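Down below is the structure, laid out as structure tokens.
Quick caveat: nothing in here was measured; it's all calculated off a predicted structure.
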Amino acid sequence: MRQLSEVVDFEALLARDRRHAARDGTMALKVRDRALAEKLPAAPPRARLSAWVTARRDLEAGLPGARAQGLVILLGWGLLGLGLAAGGGTGSALLAYDGRSPINVLAWLFYMAFVPFALGVVLLLGLMVPNRWMPRAGAAQALLGALVEPLLRRLPEGPDWVGRLLGRATGGAALQRWLLVGLTQVFTVGFLVAALVTLLVKVTLTDLTFSWSTTLDVDEAQVARVVDVVAVPWGGLFPSAVPNADDVAATNYQRFVERFRDTREREAVDPAIGAKWWKLCAAAVVVYGILPRLFFLLLSWWRWRGAVRSWPKLDRPGVQALLDRFEDSGGSFVVRSGPREEDEDEPSAPEAPSTTTAVTPGLVVAWGAVAGADPAELGEALALPAGTERLGVGLDLDLDAEQAALSRAAALSAATLVLMPMEEPPIEDVLAFLRELRSVTPTVQVQGVRAGPTGWEVAPLDRSWRKALGRLEGVEARA
């Protein structure tokens, strides 16, 4: 994927396909995607999925991708404007000068340099340290996320795709994380730039006088050492932006106040001292505020682009089913150039026998898209006795349906046949259900099925399924 709009439209289209499969089965989806696959060029899987989205956009109306991307852009501009307004207002308040009280540089350095830098350190730790160690490190991102997600859900079909777009299991956590980090940096950069511009404008158009004061028990030598430490990044290049010990002593407000209140004494104050202070204030904002936030902004943009380009995770069941439909097209698409991921992880895993003696089941469990198939059609294809009880599970992670099937299998205490569409990969959720089913029923057999031109038909289990069943004791592959 290249843009957020493609990612959103991809998830919205998958959600539409899930609803269609639950209502009418997957045969129409297979026919449609076979036709699309014949027209699309051969490319890596994610590039093919991106081309599939582009082709589907020409056929579908009301997709939310463009609106979602526009909403994010609008939110970014809004946060930038808010940051500029807040920064300008805060800077003006800190630099308020009526000729009677000089400006306290310590207040400026605290609010415009120390606080942004400290928050940047917390942000950096929050990005590097696990959340369980610093659960509140991303408080600003969490607040922004609480605003963004409800806005996305108000877009067309929002409840169907937003959860998967932002979900951890689908890879959406990284997408959401870097989007929110970037948006908060847009606000912060706007805030600090506006404060810096306010300082420069005030210095240019007015005659500001700077001093320092604090109720803490610190002397001038300590303040001078703090100033030297703060100015380390630029002190060697711009010594004129570093007040020395004499400058610090001369601008101590406790000594300075009497001179400042006398007009003649005030006029005798060396303007070079004030120049050093305002240059120090400006340099501190740039070095400790703007530059780190620009770094975080660029980092978040880079990671955000990476999350978009790596969307979706190819091992997701719905994505794998779509790629399988491409593979079935017989056209130029060859989805897998090598072994599946589980083949690479466990090269020595045993395979279940390709055939077993078929038993007459007391219960048929139809998984996923097969749950919506016509019972008579399935019974004829599988040569099942009339009246065989059938339950559907595996649709939209319906745990209640799975529990009902397990309870019924336990009550019947008879052989159970599981009909598994070959578009479904053997993910852990499916295997966990088969393990639980085997614990409550004497025999469990798995039969592969595919949507053919005229309806559901028997299909052999592929290698990944045979290997998965080979790791499940007591679960057999049916002929």
Side-chain angles (χ1 to χ4, degrees), residues 82-122 140 187-235 238 240-261 266 269-293:
L82 184 62
L84 291 172
T90 304
S92 296
L94 292 174
L95 298 173
Y97 178 62
D98 58 2
R100 292 178 294 180
S101 299
I103 296 168
N104 188 356
V105 294
L106 296 184
W108 175 272
L109 293 176
F110 178 80
Y111 289 110
M112 294 300 175
F114 175 76
V115 171
F117 183 75
L119 292 177
V121 171
V122 172
F187 170 84
T188 307
V189 169
F191 179 92
L192 295 171
V193 167
L196 178 62
V197 170
T198 301
L199 172 63
L200 298 178
V201 170
K202 289 266 190 178
V203 168
T204 303
L205 301 180
T206 61
D207 182 16
L208 299 181
T209 302
F210 295 89
S211 70
W212 62 272
S213 64
T214 175
T215 57
L216 300 178
D217 186 18
V218 296
D219 57 27
E220 295 165 354
Q222 291 173 315
V223 174
R225 286 195 293 271
V226 171
V227 169
D228 289 339
V229 171
V230 169
V232 164
W234 66 86
F238 304 103
S240 63
V242 185
N244 56 36
D246 294 336
D247 298 330
V248 172
T251 52
N252 185 341
Y253 185 68
Q254 292 180 342
R255 299 181 179 183
F256 189 44
V257 62
E258 295 301 328
R259 296 177 57 202
F260 183 78
R261 289 177 178 173
R266 181 173 53 188
V269 175
D270 187 357
I273 298 177
K276 288 183 179 182
W277 277 121
W278 78 255
K279 290 178 182 178
L280 174 77
C281 291
V285 173
V286 173
V287 172
Y288 295 107
I290 295 176
L291 291 181
R293 295 309 176 131

> How far does CG of Leu192 sit from CZ of Phe187, to the nearest 0.5 angstrom?
Replying inline: 9.0 Å
> Going from CG on Leu208 to CH2 on Trp278, what distance comes out if it is rounded to the nearest 0.5 angstrom?
Replying inline: 10.5 Å
Considering non-hydrogen atoms only, spot the tightest contact between [X] and [Y] and give its length.
| X | Y | answer |
| --- | --- | --- |
| Tyr288 | Trp234 | CE1-CZ3, 3.8 Å |
| Thr198 | Ser92 | CG2-OG, 3.6 Å |
| Gly87 | Ala194 | C-CB, 3.9 Å |
| Leu106 | Ser213 | CD1-O, 3.7 Å |

Taking distance alone, no hydrogens or angles, what donor-acceptor pairs closer than 3.5 Å link side-chain atoms of residues 222-232 to residues at least two apart or in another chain?
{"from": "Gln222", "atom 1": "OE1", "to": "Asp219", "atom 2": "N", "distance (Å)": "2.9"}

> With distance as the sole test, does Trp108 use its side chain to make a donor-acceptor pair with the main-chain N or O of Leu94 at under 3.5 Å?
Replying inline: no
Report yes if the side chains of [X] and [Y] come closer than 4.5 Å at any heavy-atom pair, otherwise no.
| X | Y | result |
| --- | --- | --- |
| Val286 | Leu291 | yes |
| Val285 | Leu199 | no |
| Leu109 | Phe114 | no |
| Asn104 | Trp212 | yes |
| Arg293 | Leu119 | yes |
| Met112 | Cys281 | no |

>> For residues 242-251, which residue pairs pass the salt bridge (Lys or Arg N to Asp or Glu O under 4.0 Å) check, not counting sequence neighbours?
In response: Asp247-Lys276
> Residues in side chain to side chain donor-acceptor pair (under 3.5 Å) with Trp277, at least two apart?
Replying inline: Thr251
